[in-house]
Amino acid sequence: ILRFYADMLRTQMIEWGGRPIVRNYRGETAKDAVEYYRDLEENMVSLIKEGNLVSLYPEGTRTETGIMGPFKAMAAKLAIRAQVPIIPSGITGSFGFFTPQSILSGRIFNTKITYNVGKPIPPSEFPKGDEKKAAKELTAELEKQVYALTLHAERRNHARGKTRVL
């Protein structure tokens with residue numbers, strides 16, 4: 001069953017213009033793997049510079065626990081190289097959404113998923129200097145903002161009551 005849904009999602013993502021990425025690609029040699037990821041990165045930078053949108057999940061994988069994992073620097077590195085804004089966004093309510101149990105029980109149809117979009121970080125606010133160090137710093141800022149966007153998502157559009165004066 002899971003293979004069927006994975007194939008279905010893959011087909012839909014390709015239909016929408018997505019490109020699957022082989023995670024943990026090893027190739028015949030270590031050089032093959034390095035070349036694969038370098039070509040992939042160059043392709044993504046080219047797509048971004050052409051005006052295409054690229055959506056990445058900075059953790060590099062799905063969570064197995066529902067807890068946000070540490071971010072990888074690829075999203076920040078691409079934004080720095082292409083000199084385009086990076087837009088933090090946080091998703092809540094999706095953990096366990098697309099499992100056989102939620103599909104068979106019908107829970108999938110009653111799941112509330114919230115997608116919060118943060119304020120774009122323009123290239124003028126990117127850290128300066130060495131690309132690797134700048135990507136690491138921008139990744140830390142992105143992770144902080146995404147984490148904040150996932151906290152108390154249910155309160156995003158509601159007043160918080162009286163303002164307290166300290």
Side-chain angles (χ1 to χ4, degrees), residues 1-24 40-41 43-127 134-161 163:
I1 283 184
L2 286 178
R3 184 72 186 155
F4 168 76
Y5 288 114
D7 289 343
M8 185 174 72
L9 285 173
R10 177 186 171 98
T11 302
Q12 187 60 56
M13 292 302 287
I14 291 169
E15 180 71 24
W16 289 337
R19 178 178 174 198
I21 295 174
V22 179
R23 295 183 296 155
N24 300 322
L40 178 65
E41 184 179 319
N43 184 38
M44 286 193 284
V45 169
S46 295
L47 287 169
I48 295 167
K49 285 182 174 181
E50 290 169 7
N52 293 291
L53 295 175
V54 174
S55 179
L56 295 175
Y57 297 91
E59 296 167 272
T61 189
R62 292 170 297 277
T63 177
E64 293 183 15
T65 63
I67 298 170
M68 189 172 82
F71 281 18
K72 310 261 189 282
M74 180 60 80
K77 189 174 179 185
L78 294 173
I80 290 169
R81 289 193 53 211
Q83 284 296 290
V84 295
I86 190 164
I87 304 170
S89 58
I91 301 170
T92 55
S94 64
F95 180 69
F97 168 73
F98 205 63
T99 63
Q101 295 86 357
S102 69
I103 293 166
L104 295 173
S105 70
R107 190 179 73 222
I108 193 169
F109 301 108
N110 295 319
T111 301
K112 179 182 177 183
I113 297 175
T114 305
Y115 184 73
N116 290 308
V117 179
K119 180 181 165 221
I121 305 169
S124 61
E125 293 179 16
F126 291 171
K136 187 175 182 179
E137 289 174 21
L138 182 56
T139 298
E141 178 61 26
L142 177 63
E143 187 170 358
K144 184 174 85 174
Q145 289 192 29
V146 169
Y147 183 74
L149 288 166
T150 62
L151 293 177
H152 305 295
E154 72 281 357
R155 291 195 243 159
R156 286 271 175 248
N157 296 321
H158 301 343
R160 296 182 190 241
T163 303

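Keep in mind it's a predicted model, so treat the numbers as computed, not measured.
Nearest heavy atom pair, residue P88 against residue Q145, reads CG-OE1, 3.1 Å. Closest approach of P127 and E137 over heavy atoms only: CB-OE1, 3.2 Å. Minimum heavy-atom separation, F126 to I86: CE2-CG2, 4.1 Å. The minimum heavy-atom distance between P58 and L142, with the atom names listed, is CG-CD2, 4.1 Å. Here the closest non-hydrogen pair linking A73 and T139 is CA-OG1, 3.3 Å. Contact record, T150 with T92: O-CG2, 3.2 Å, taken as the closest heavy-atom pair.
The CD1 atom of I48 lies 9.5 Å from the CZ atom of R81; values are rounded to the nearest 0.5 Å. Here CE of M44 is found 12.5 Å from CG of N52. Values are rounded to the nearest 0.5 Å. Taking CD of E143 as the reference point, atom CD of E141 lies at 10.5 Å (rounded to 0.5 Å).
The side chain to side chain donor-acceptor pair (under 3.5 Å) check on K77 picks up E41, with sequence neighbours excluded. Listed by chain and residue number, nothing satisfies the salt bridge (charged side-chain N to carboxylate O under 4.0 Å, His left out) test with K136 (two or more places apart in sequence, or in another chain).
Side-chain contact between K49 and S46: absent, with no pair of heavy atoms (C-beta onward) separated by less than 4.5 Å.
Partner N116 forms a side-chain contact (heavy atoms from CB on, under 4.5 Å) with one of L149, V146, I91 and no other, that one being L149.
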